[in-house]
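A short worksheet on the structure shown next.
Counting starts at 1 for both ligands and their atoms, following the listed order. If you read the sequence from its start, that first residue is 1, and numbering goes on from there. The model shown is predicted, which means the values in this text are computed figures rather than measured ones.
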Amino acid sequence: MAPPSSSSPPPPSSSSSASTPDETPLPSYAAYKFFTVSSPAPYVAHVQIQRPDKLNAFSEAMWLEFGRVFAQLSGDADVRAVVLSGAGERAFTAGLDVQAAAKDGTLTGDGGKKVDAARRAKGLRGQIEEFQGSIGAMERCEKPVICAMHGISLGLAIDIACCADIRICASNTRFAVKEVDIGLAADIGTLARLPKLVGSTSWVKDVCLTARDFSAQEALSVGFVSQVHEGKEATVRAAVGLAAALAEKSPVAVQGTKELLNHARDHGVAENLRYTQLWNSVALQGEDFPAAILSVLKKQRPTFAKL
Ligand SMILES: CC/C=C\C=C\CC(=O)SCCNC(=O)CCNC(=O)[C@H](O)C(C)(C)COP(=O)(O)OP(=O)(O)OC[C@H]1O[C@@H](n2cnc3c(N)ncnc32)[C@H](O)[C@@H]1OP(=O)(O)O
C-alpha cells in the first residue's frame, strides 16, 4: 500500500473488527480466513493471526493459508516490510492445533486409507515437507518480516519466529519449544534455525530437550529477540515503527540485504562474497543507489519506485 496521493479515494472501510481501528485493511488480502492483513503505515503490511478463542493455535488449513499470505506479500510491490502478530490479549500462538491433530489424525500420511508403512511414511514425509514449506514462506518472503510476540508462544510459535528477520516481544511472553512434550522432535524448522540464531548450543539443547518455558528476558539475554516491550500494544507499535523505518529505505537495498544475509547464514564467507558480487553487479545499476547517495548529500528524504 503506497502512500495515498491527494486524489486517491478514501481507504475502504471494513466491518471486520480484526484489525486495530487505526489500520486500513488491505482489500487484496480480504479473502483469507485465518489472517487479516492491514496497513498501519505506508508500504507496511500487518498480518494478524486470527483465532484468539483457541489461542491462535494452527490447524492444517491455517498453516497452508499462512504460506499463501506470505507468498502474496513477497510479490506485492505495495509492501516493503511486514509485521506478524497474534490477535487477542493472551497469545501469539499456542502452536499446533493439538485437538485437531489428536482427533482427525491431521498428520497420519495415509489420507484416511489403509496403506502399508512405506506408503504412510511417504505420505507423511510429503505432509511435513508441505508444512515446512508453508511456514518457510515467511523466510522466503522477499520483504523483511518483524515478528511481534506476546503471551503464550509455544511450539510452532518458535518455528515461525525463527523464520522472521527480526523478533521482538512483550515482557509477558512465555516461550517454549514444546514439541518434546507432545512426543515429537520439532520438525518445522526450530531445530534447523534456532542454533544459527543464538550463540549458545548449550542453551538451545536445554530449551529444546526439556521443553521448559523461557521468559522474554531470557530470550533477550541469548539474542533470540532483540527488543522487549511492556505489553502487547507497545510491542506491536514498536514493530510497526521498525517496519515503517525499513519501508522508507531503498527496497532494492533492503531486499538485497535480506537475501544476502540469509545466504550468508547457509554458506561460507568466500561463497557469500562471490554471490554478493553478482547480486550487486545487478542492483548497483538501478536508480536507487545514485538517488540515495544524492539524498544523503542533499540531506533530503529520498523516495523510491515500487519493486
Ligand atoms: C508435524 C508436527 C508439526 C508441528 C508441530 C508443532 C508442535 C507444537 O506446536 S507443540 C505445542 C502444542 N501446543 C500445546 O501443547 C499447548 C496446548 N494448550 C495448553 O496447554 C493450554 O491451552 C495453555 C496454553 C497452557 C493455556 O491454558 P489455559 O489458560 O487454561 O487456556 P485453555 O482454556 O486451555 O485454552 C483456551 C482455548 O484455547 C484452546 N487451545 C489452547 N491451545 C490449543 C492448541 N494448541 N490447540 C488447540 N486448541 C488450543 C483450548 O482448547 C481452549 O479452547 P476451548 O474451546 O475454550 O476449550
Can you pull out the closest protein heavy atom to [atom]? Residue, atom name and distance to 0.1 Å, please.
| atom | value |
| --- | --- |
| atom 50 (C) of ligand 1 | Gln99 NE2, 4.4 Å |
| atom 9 (O) of ligand 1 | Leu96 N, 2.8 Å |
| atom 47 (C) of ligand 1 | Asp97 OD1, 3.2 Å |
| atom 52 (C) of ligand 1 | Asp53 O, 4.4 Å |
| atom 30 (O) of ligand 1 | Arg90 NH2, 5.0 Å |
| atom 4 (C) of ligand 1 | Phe131 CE1, 3.5 Å |
| atom 25 (C) of ligand 1 | Arg174 NH1, 4.0 Å |
| atom 49 (C) of ligand 1 | Lys54 O, 3.9 Å |

For [X], take its heavy atoms, then give the atoms of ligand 1 lying under 4.0 Å from any of them.
| X | value |
| --- | --- |
| Ile188 | 3 (C), 4 (C) |
| Glu179 | 6 (C), 7 (C) |
| Leu156 | 8 (C), 9 (O) |
| Val98 | 12 (C), 44 (C), 45 (N), 46 (N), 47 (C) |
| Gly95 | 9 (O) |
| Ala57 | 43 (C), 44 (C), 45 (N), 46 (N), 47 (C) |
| Lys178 | 10 (S), 11 (C) |
| Asp187 | 1 (C), 2 (C), 3 (C) |

So, for [atom], does the protein have a heavy atom nearer than 4.0 Å?
| atom | value |
| --- | --- |
| atom 14 (C) of ligand 1 | yes |
| atom 34 (O) of ligand 1 | no |
| atom 20 (O) of ligand 1 | no |
| atom 55 (O) of ligand 1 | yes |

Whether the side chain of His267 engages the backbone of His263 through a donor-acceptor N/O pair (distance < 3.5 Å, no angle test) should be reported.
yes
Could you tell me whether a side-chain N or O of Lys54 sits under 3.5 Å from a main-chain N or O of Asp97, the two making a donor and an acceptor?
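Side chain of Lys54 to backbone of Asp97: no pair is present.
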Any idea which of Leu55, Asp181, Ile128 brings a heavy atom closest to atom 41 (C) of ligand 1?
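Checking each option, the heavy atom nearest atom 41 (C) of ligand 1 is found in Leu55.
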Asp159 to ligand 1, any heavy atom closer than 4.0 Å
no
In this structure, does ligand 1 have an atom that sits under 4.0 Å from one of the heavy atoms of Gln127?
no
Arg68 to Tyr32, cation-pi by 6.0 Å centre distance and 45° axis angle
no
Verify the ring-centre separation between Phe58 and Phe34: is it less than 6.0 angstrom?
no
Taking 4.0 Å as the limit for heavy-atom contacts, which would you say applies to [X] with ligand 1: side chain only, backbone only, both, or neither?
| X | value |
| --- | --- |
| Ile182 | side chain |
| Phe58 | neither |
| Ala94 | both |

Got a second to check how far [X]'s [atom1] is from [Y]'s [atom2], nearest 0.5 Å?
| X | Y | atom1 | atom2 | answer |
| --- | --- | --- | --- | --- |
| Leu194 | Thr201 | CG | OG1 | 10.5 Å |
| Leu73 | Phe35 | CG | CZ | 11.0 Å |
| Lys258 | Gln255 | NZ | CD | 9.0 Å |

Should side-chain heavy atoms under 4.5 Å link Ile, Leu, Val, Met, Phe, Trp and Tyr, which residues sit in the same cluster as Tyr275?
Leu260, Trp279
Are Leu184 and Leu156 connected, step by step, through hydrophobic side chains (Ile, Leu, Val, Met, Phe, Trp, Tyr) whose heavy atoms are closer than 4.5 Å?
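Both belong to a single hydrophobic cluster.
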For residues Tyr29 and Val145: do they belong to one hydrophobic cluster (side chain heavy atoms under 4.5 Å, members Ile, Leu, Val, Met, Phe, Trp, Tyr)?
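In one cluster: yes.
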N-O pairing of Arg237 and Glu233 below 4.0 Å
yes
Is any side-chain N of the basic residue among Glu248 and Arg301 closer than 4.0 Å to the acidic one's carboxylate O?
yes
Examine the side chains of Ser171 and Glu230 and answer whether a donor and an acceptor come within less than 3.5 Å of each other.
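A donor-acceptor contact under 3.5 Å links the two side chains.
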Assess, by modelled atom type and distance only, whether the side chains of Thr93 and Asn56 contain a donor and an acceptor separated by less than 3.5 Å.
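The answer is no; no qualifying pair exists.
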Could you tell me which residues satisfy ring pair (Phe, Tyr, Trp, His ring centres under 6.0 Å) with Phe131, sequence neighbours excluded, listed by chain and number?
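Partners of Phe131 by the ring pair (Phe, Tyr, Trp, His ring centres under 6.0 Å) criterion, ordered by chain and then number, come out as Trp63.
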